[in-house]
Structures are given as structure tokens and as C-alpha cells.
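Notes to accompany the following structure.
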Amino acid sequence: MIQIYNSLTRKKEPFTPITPGEVKMYVCGMTVYDYCHLGHARVMVGFDMIVRYLRARGLKVTYVRNITDIDDKIIKRAAENGEDIRVLTDRFIGAMHEDERALGVLPPDAEPRATEHMDGMLKMIGVLQKKDYAYRAANADVYYRVRKFARYGTLSGKSVDDLQVGARVEVDEQKDDPLDFVLWKAAKPGEPLWDSPWGPGRPGWHIECSAMSMDCLGNHFDIHGGGMDLKFPHHENEIAQSEAATGEQFVNTWIHVGFVRVNEEKMSKSLGNFFTVREILKSYNAEVVRYFILASHYRSPLDYSDESLDQAKSALARLYTALKDQPLVSVDAAESKYEQAFFGAMDDDFNTAVAVSVLFDLAHEINRLKTTDVSGAATLAVRLRRLGDILGLLHRDPDEYLKGKPRVYERRLTDTVSVTDTAKIQYEMSEQRIEELICERTAARQAKNWSESDRIRDELMAKGVILEDGAGGTTWRRA
RNA sequence: GGCUGGGUAGCAAAGUGGCCAUGCAGAGGACUGCAAAUCCUCGGACGCCGGUUCGAUUCCGGCCCCAGCCUCCA
């Protein structure tokens, strides 16, 4: 039985899909006006891990992740660039897909764009107005009447009165109540607009996700997620809109992914302390980044530092080293103690930190058996690959991974989606040159010219290449 | 001020009322021409103060510190 921590109830609960065997899940995706940073990556990887795991557990998952392609920031950025909004958003959607594919994130089943769901939004606002949850202000904005929705604040644990006390928001005199939020913004001169019964304008942010999720998954679905910072007000408002409109429960389980932090501070656009995915991929293999994200629990804060990524890199190299030269043998489906530990951890609110530690237990045992029980080692190597695959790790040919080769192909056990090569790291020395030097060194070693042999090894080491002399000759890998 | 979540060994990160987390780094040993990798062994933890208990890092109470949300943010 899978247990999931539900933000709505603030406790772990056994997960029971509304329709047995099927899971409908919606995640708030990006506002596309800039490149993805590590915080976005964490959400993408986190929910990708969850989807993969639910599927590995035999559930049929419909995963929807939206794209916000109309918003104040997008309008502003497009104006700054002097480019068309659609050109801007298409460009960053493309960049986002590139980043995701690099990180081993499988495409969601649907990726609705806000601008393509205008009808659903208008319809919902109309229903809310009919029920008196929405009203049109004098400036032609349409607002949601927060105090009318009695359960407002359930998700975030806030009471309407506390909110008012702590409000630092400029009071908008157009609103009946300062807590009310906008459903439809009247267009100002020069802004993109859509026609509506309330006048030309564009949707508020929150209504987008209510409309898109319900268009794609229905009024009531299983899981809704996003970054921790969306809990309030975004998700709170989604609940208010959706449940007021339909009279039904909107979502059963709310999942929120923790922040990425830098120097104990939240990584965010506004603080300017963010690292984009593509920037990081110039220095680290994408799988290292994925491993780094999965090595801690999805709800914990994740502190970014070069040291942490270096540690992730060493750790992942250990796993691939164990897999090196292990043949793909057939292994029966029966669960060993490793699968039991792995699934036990993952069933407990997707405890990837413990699941990953099981991978190391396997690696350790494989290394032990390599010399004494070759087929036993090969069997465990397949188990390691299978479990790694559930986390979206260890797909690659170990030798190619360790040599830092571009990802040309993937050996997949369960994926059905192709992944494109996104190698971005520039190396100091070419493979050809490395091979040449190894040949020279081998000759020197045969002549027992140790000083020359060591000189070449040092030279390679200085260029980030580590040599390993084994029984079958010398092999190399990138540091 | 209100509401969330945290404080675990040099670093990262799980977890548990008593019995090994795990990874990186470090020490000793095996292997190696020397290394690397690997294996064996090892040290070192649970913010502070009380309480419950035969026994608490784990439960309860208080305190201190950190981050986040209450405004756009994944």
C-alpha cells in the first residue's frame, strides 16, 4: 500500500485512487518567459519520479502538467525583447523540453497551454458569477469573493482573519474585500486580449489551472501538485474556484515539493540567486543533477552547492562502476530483499533517499561477488538496473557514462520514450588523444619504464582522466 | 504578529524507544611496479533544558536557532 503525505490533511495517508487502478494527476508547470532553474528541475524530476513509481506499481497514470503562456511577466518580457508573445513562449517551451529530456523527465501525457483553454476559464467564471462567487468591479476586472467560500484556508492552514491582519498587499479599492483575487483582468491599452462577457481582457493566474485541470481530468481527480510556494495562494485559490463552481471535492491528495536553497536561502527568480539547468549542465552530467535531486526526500529543502553536486557525481560513479562489464542476463521477477527494501521505502511517501541507499547495497554486493560468483553478480546488476530505472537513473552504458561520452542511446528497461543527446560538457582532452597516450604508457610499462609510465598517467590526471590498470589492460574514465 | 517545515557525525542525507542507514571525505589493512577501482576493518551524530521510561536522537513540555508562506515565484 502506497502512503502519500497529503498537504491538505498534513499527514501521510494510504493512497486510494478514485477509479481503482487509475491515477489522474495534475501538476502546475512553468510560466514560460525564462529558462528553467534548478527549482523548476526539482519539481519536474520529483513528479517524474512519482509518475514512474506509480506506473511501476501497476497503476495507469494520466499525468497533466500545464504551461502558463499568458501572464504579466510574459507580456513585460516580450515587450522588452520587442518580440511577439507567442514567439517568446514557444522558444522557452522548447528550452524547457530540452532541459527536461536531459534530466530524464518523461513527457507528461498532456501539456495544456493556458491560451488554449480560454473557453473553460470563461465558462467557469460565468458559473462563479451566477453563484455570486464572482463579481465584476467598476474597472471591468472580475474578482472572486473569498469570504463567501467557507473552507478558504484549509490547504494552507490560514484563517481568513489572520490573512487580513498580516496583509501587506496594497489594498485595491476596486475589490469588495482586500482578500478577493482576480479571475479576469480587463485589458489595458497594448495588452493582448480575449473577448469575454465582462469585456476584453485576460485570465487571472489561478483560474487557468482550475480550468485546465478540470478540462483534462474532470471535476474531481486524485493528485494535484507543484512547488511548495504554490500552496498559498495559488492552490488555495484553485480549490476555492473549483469547488465553488462544481460543488464537488476538487482534489484528493495535494503534493508539494520542497524548495531548492542556496546558502540557506530559497532559490528564486526575485532573489536572483538561481542557477539555470543549462548553466549547471555545462559542468555536470544531467544524470548527476537528477541523482542529486533524488538523493534527498522530495519534501525536504535541498541545498545547492558545488560540493553537493561533486558528491553526487562521485556517488553515481560508484553505481556505474559496479555495473561496468556486467552482462545483461535474464533474471526472474521474484523479489529479492533488495526489491523489498526498495519498494518498502518508495511506498512510504516516495522515500527516494532510502531507495537510493538500496542501490548502494546492491552495488556493494555486486562488487563483492565479482570475483567469487560471476553469475550472482550479473543477476544483481540486472536488479540494480531495474531499480535504478524506476528512479530514471542508471539507463546508460556504464563505460560510456564513466568516459563522459555524449548520450547516444539509452538502454531502457521500462521507458518507451526516446531521449535526445544533450551533452554540454567540454572536455580538455579528446578520446583519441587519451587512447594514444594510453598506448604509449602501455609500451613504457612493458619496458618497466615506470617514470615515463607515471608521467603519462599524471599528465592524463591533470586533464581530468583517471586510469585503471586491470588484468585485461588499462581502462580510463573521466574524473 | 499568524501559519508551515526544519535543526542528525567534516560534508550530504534517511530513520528509529534499546540492535549497521547510505553516499562523499578521513584512518589502517588487502590487492597493485606505484596508483586507481574494489574488498576488509575503523573512528565520529542526533540544537539546548527538563519530564515520561529499565532505557530517548526517537515520546511529552519549554527554550534557542534556521528556512518558508501570509505579495509574483516551482
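Heavy-atom basis, side chains included; hydrogens, waters and symmetry copies ignored.
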Does [X] reach the main-chain N or O of [Y] with its side chain, forming a donor-acceptor pair under 3.5 Å?
X	Y	result
D399(A)	D325(A)	no
R441(A)	I456(A)	no
T321(A)	A317(A)	yes
R477(A)	I466(A)	no
R42(A)	G258(A)	yes

Less than 4.0 angstrom between a side-chain N/O of [X] and OP1 or OP2 of [N], yes or no?
X	N	answer
S300(A)	rA14(B)	yes
H235(A)	rA74(B)	no
W205(A)	rC73(B)	yes
K266(A)	rC69(B)	yes
N351(A)	rG15(B)	yes
Y5(A)	rG5(B)	yes

Students often get this wrong, so: under 4.0 angstrom with heavy atoms, is [X] touching a base, only sugar-phosphate, or nothing?
X	result
R318(A)	sugar-phosphate
R477(A)	sugar-phosphate
V27(A)	nothing
S268(A)	base
S156(A)	sugar-phosphate
L230(A)	sugar-phosphate
G258(A)	base
E264(A)	sugar-phosphate
H364(A)	sugar-phosphate
G39(A)	base
H37(A)	base
M461(A)	nothing
K73(A)	base
R441(A)	base

For the side chain of [X], starting at C-beta, report the closest nucleotide among [options].
X	options	result
A315(A)	rA35(B), rG23(B), rC69(B)	rG23(B)
Q311(A)	rC39(B), rA74(B), rA12(B)	rA12(B)
S314(A)	rC24(B), rA74(B), rG33(B)	rC24(B)
R10(A)	rA37(B), rG5(B), rA67(B)	rG5(B)
R368(A)	rC40(B), rA14(B), rG68(B)	rC40(B)
R445(A)	rA21(B), rC72(B), rG33(B)	rG33(B)
D454(A)	rC11(B), rC72(B), rG33(B)	rG33(B)
F360(A)	rG33(B), rU22(B), rC73(B)	rU22(B)
S357(A)	rA21(B), rG33(B), rA14(B)	rA21(B)
D229(A)	rA74(B), rG33(B), rA12(B)	rA74(B)

- Query: Quick one: does I293(A)'s side chain get under 4.5 Å of M49(A)'s, heavy atoms only?
  - Reply: no
- Item | Pairwise distance CD(E335(A)) to CD(Q340(A)) - rounded to 0.5 angstrom |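 Rounded to the nearest 0.5 Å, the CD-CD separation comes to 5.5 Å.
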Between [N] and [M], how far is it from one [atom1] atom to the other, in whole Å?
N	M	atom1	result
rC64(B)	rA21(B)	C1'	29 Å
rG68(B)	rC73(B)	C1'	12 Å
rC48(B)	rC54(B)	C1'	25 Å
rG50(B)	rG2(B)	P	28 Å
rU32(B)	rA45(B)	P	37 Å
rG43(B)	rU22(B)	P	13 Å
rG6(B)	rG47(B)	C1'	11 Å
rA9(B)	rG15(B)	C1'	15 Å

- Check: R457(A) side chain, rA35(B) base, donor-acceptor under 3.5 Å: yes
- Does any donor-acceptor pair link the side chain of D469(A) with the base of rC34(B) at a separation under 3.5 Å? yes
Pair partner, [N] [Watson-Crick or wobble, under 3.5 Å]:
N	result
rC24(B)	rG10(B)
rG1(B)	rC70(B)
rC39(B)	rG29(B)
rC46(B)	none
rG55(B)	none

When the distance from [atom1] of [X] to [atom2] of [N] is rounded to whole Å, what number comes out?
X	N	atom1	atom2	answer
M228(A)	rA67(B)	CE	P	16 Å
E238(A)	rA74(B)	CD	P	13 Å
Y152(A)	rC3(B)	OH	C1'	14 Å
H297(A)	rG5(B)	NE2	P	13 Å
L359(A)	rA14(B)	CG	C1'	14 Å
E265(A)	rC65(B)	CD	P	18 Å

- Item | Criterion side chain to side chain contact (heavy atoms under 4.5 Å, CB included) against Y152(A), the qualifying member of E236(A), K158(A), R145(A) |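 When side chain to side chain contact (heavy atoms under 4.5 Å, CB included) is applied between Y152(A) and each of E236(A), K158(A), R145(A), only E236(A) qualifies.
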- Message: Between F47(A) and Y63(A), is the ring centroid distance below 6.0 Å?
- Response: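 When the ring centroids of F47(A) and Y63(A) are compared, they turn out to be at least 6.0 Å apart.
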- Query: Salt bridge between R65(A) and D48(A), side-chain N to carboxylate O under 4.0 Å?
  - Reply: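 No, no charged N to carboxylate O under 4.0 Å.
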- According to the 5.5 Å centroid and 30° plane-angle thresholds, does F259(A) stack upon the nucleobase of rA67(B)? no
